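Take a look at the structure set out below.
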Amino acid sequence: MPAAAASAPAPAPPRAPDDVLERSAERTAKAAARGGGHPVRLRALDGLRLLAALMVAAYHYGGRDGEISQAWGSSPREQFPTLSGYFAYGCLGVQIFFVISGFVICMSGWGRPLRSFFASRVSRLYPAYWVAIVLVTAVFALPWVAYKAVSPSDALVNLTMLQQPLGAHRVLGVCWTLWAELRFYALFALFVLLPGASRHRVVLFCAVWTLGAAFAEAANLPLLDVVLMPEYASYFIGGMGIYLLHRFGHDALAWGIVGISFLIGQHYAIGELWHPANVNAFSYRSATVIIAIVAFGYVAVTLIALGKLNWANWRWLTLAGALTYPFYLVHEHLGWVVVGVLHRKLGIPSYGTFVLTVLLMLGLAWVLYRLVEQRLTPVIKRSLTTVRR
C-alpha cells in the first residue's frame with residue numbers, strides 16, 4: 001500500500017439525522033423563536049401559567065359547590081347567577097398546566113444530569129409546598145375556623161407529597177395534580193434523561209407512552225393506571241411534542257405527537273367534565289366549550305414555543321409566573337376562610353369578595369415567593385447537587 005494512502009484519513013461516517021439536529025438545536029430554536037441573536041425568555045409562558053391558575057381559582061371560588069358554599073353562606077350559583085356557569089370551566093386550567101409542564105420539563109431537563117434534574121425539581125416543588133401544608137393545617141386548627149383539619153399523622157405524611165397513593169387525607173385539595181406531576185417526572189427521568197435526552201428518544205418515549213396509556217385504559221388494571229396515567233398522559237406528551245417544535249423547528253413527527261395528544265386529551269376532558277343538563281347538576285358544561293378550552297391550551301403553548309408571542313415580553317410576566325405555584329397551593333383552602341370573613345362577617349358583596357380574595361392570595365403567594373422560595377430553593381439545590389467525597 002502506498003505511503004500516501006496509508007496516511008490518508010478514513011472518510012468520516014455520515015451523520016445521523018438526529019446528530020445533525022442536535023448540533024443545530026440552538027440555531028433552529030432561535031430561528032423558530034424569531035428572537036434574533038440571543039435565546040429569549042418565554043415570558044408569555046409565565047403569563048399563561050398565571051392565567052391557568054386564575055382559571056382554577058375561579059372554579060374553586062365560584063364554579064362548584066362544597067366547602068366554598070359554606071364560606072359564601074349559599075351556593076355560588078346564588079352568589080354569581082350569571083358567571084358561575086362560566087367559572088365551572090375553570091377546572092380546565094389544570095389540563096393547560098399539564099401541557100405547560102410537558103414543555104417546561106423537556107426544556108429544563110434537556111442535557112441535564114439526573115442528579116441535577118432531581119435537585120431542581122425537589123428545590124422547586126417542596127419549599128413552598130411545605131409552608132402551605134403548615135399554614136393550612138395551622139389555620140384549620142383555629143377554633144373559629146369551621147373546616148375540619150386532618151389528623152397530625154396525615155399532616156406529616158402530606159409533607160412527603162405521597163399522601164394520595166398512601167391513602168392519607170389531603171391537606172391541600174390541589175395536591176392530586178402534584179402527584180400526577182411527580183409520576184411524569186419519574187417517567188421522564190427514567191426513559192429520557194437517564195439514557196440521555198435526544199430527539200429520537202423523546203419521540204420514542206411519547207409514542208410508547210401514548211400506546212401504553214391506551215393499553216392501560218383497555219386493560220383496566222390499577223397498577224398500569226397509576227404508572228401510565230391514561231387520563232393525564234396526553235397533556236404531558238403534547239407539551240413534549242411542542243418542545244420538539246420549539247427546539248428543532250417544524251417536523252411532521254412532532255406535529256403528529258401534538259395532534260394525537262390533543263385528540264386524546266379532549267376525549268378525557270369531556271369524559272371527566274361533561275354531563276347533560278338537569279336540575280340536580282351544578283352546571284351544564286358544553287362539550288364544544290370544553291374542546292375549545294383544551295385546544296386553547298395546546299395552541300397557546302405552541303404559539304409561544306414557535307415565537308409567535310415573543311412580543312409579550314413584559315418583565316412583570318416573570319413575576320406572574322413566579323407567583324403561580326405558591327398561589328396555586330394556598331388559594332383554595334385559605335380562600336374558603338378569607339371568603340367567609342370578607343363576605344359573611346364583613347358584609348362585602350360577592351364580586352368584591354371574589355376580587356379581594358384573589359388579590360390577598362396573590363399577596364400571600366408573593367410573600368411565600370420572596371421569603372420561602374427565593375431563600376430555600378438555592379440552598380436545597382446546592383445541598384442536593386454537591387458531590388460528597
Side-chain angles (χ1 to χ4, degrees), residues 48 51-52 55-56 58-59 63-64 85-106 164 174 176-184 187-188 191 202-245 252-278 281-303 305:
L48 184 62
L51 175 62
M55 288 173 60
V56 176
Y59 169 70
R64 57 173 292 179
Y86 296 101
F87 290 159
Y89 291 99
C91 54
L92 287 162
V94 171
Q95 280 77 1
I96 298 175
F97 271 134
F98 287 162
V99 177
I100 294 173
S101 182
F103 177 88
V104 170
I105 294 305
C106 204
Q164 195 163 343
V174 299
W176 68 269
T177 63
L178 302 181
W179 170 228
E181 292 275 354
L182 287 179
R183 287 177 283 171
F184 167 50
L187 291 172
F188 184 81
F191 295 106
V202 171
V203 169
L204 182 62
F205 174 59
C206 291
V208 172
W209 192 7
T210 298
L211 288 175
F215 292 154
E217 183 70 31
N220 196 26
L221 295 175
L223 178 60
L224 287 180
D225 287 341
V226 170
V227 174
L228 298 178
M229 302 183 290
E231 68 272 42
Y232 310 126
S234 58
Y235 309 115
F236 296 118
I237 294 169
M240 288 188 287
I242 293 171
Y243 178 70
L244 293 178
L245 294 173
L253 280 176
W255 280 115
I257 291 169
V258 176
I260 291 173
S261 297
F262 164 70
L263 295 176
I264 296 173
Q266 62 82 29
H267 164 76
Y268 277 106
I270 290 176
E272 291 181 4
L273 301 176
W274 179 83
H275 56 71
N278 64 76
F282 178 86
S283 66
Y284 170 58
R285 294 188 183 99
S286 163
T288 302
V289 175
I290 292 173
I291 295 173
I293 294 174
V294 174
F296 164 78
Y298 280 85
V299 170
V301 179
T302 302
L303 290 176

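We're numbering straight along the sequence, starting at 1. Bear in mind the structure is a predicted one, so any value in this text is a computation, not a measurement.
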Go through it in stages, so that I can follow the logic: the residues are Leu245 and Phe103, the test is side-chain contact (heavy atoms from CB on, under 4.5 Å), and I'd like the CA-CA distance, side-chain angles, deciding distance and then a yes or no. CA-CA 10 Å; Leu245 294 173; Phe103 177 88; over 6 Å; no
* After noting the C-alpha distance and the side-chain angles of Arg64 and Phe87, does the key distance pass the side-chain contact (heavy atoms from CB on, under 4.5 Å) rule? -> CA-CA 8 Å; Arg64 57 173 292 179; Phe87 290 159; over 6 Å; no
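Between the side chain of Arg285 and the backbone N or O of Ala88, at least one donor-acceptor pair lies under 3.5 Å. Using modelled atom types, one side-chain atom of Thr210 and one backbone atom of Cys206 make a donor-acceptor pair closer than 3.5 Å.
Pairs passing the side-chain hydrogen bond (donor to acceptor under 3.5 Å, both in side chains) check and including a residue from residues 213-238, sequence neighbours excluded, read Glu217-Tyr268.
Looking only at side-chain heavy atoms (C-beta outward), Tyr243 and Val301 stay at 4.5 Å or farther from each other. Contact check for Thr177 versus Phe98: side-chain heavy atoms found under the 4.5 Å cut-off. With a 4.5 Å cut-off on side-chain heavy atoms, Trp209 and Met240 count as touching. The side-chain heavy atoms of Leu92 and Ile96, taken from C-beta on, include no pair separated by under 4.5 Å. For the pair Gln266 and Tyr298, the minimum side-chain heavy-atom distance is 4.5 Å or more. Residues Met55 and Tyr59 fail the side-chain proximity criterion, which asks for heavy atoms closer than 4.5 Å. No side-chain heavy atom of Thr302 sits less than 4.5 Å from a side-chain heavy atom of Phe262.
Leu228 approaches Ala233 most closely through the heavy-atom pair O-CB, 3.6 Å.
How far OG of Ser286 is from OH of Tyr284: 5.5 Å, rounded to the nearest 0.5 Å. Rounding to the nearest 0.5 Å places CG of Leu187 at 9.5 Å from CZ of Phe236. Within the model, atoms CD1 of Ile242 and SG of Cys106 stand 11.0 Å from one another, a figure rounded to the nearest 0.5 Å.
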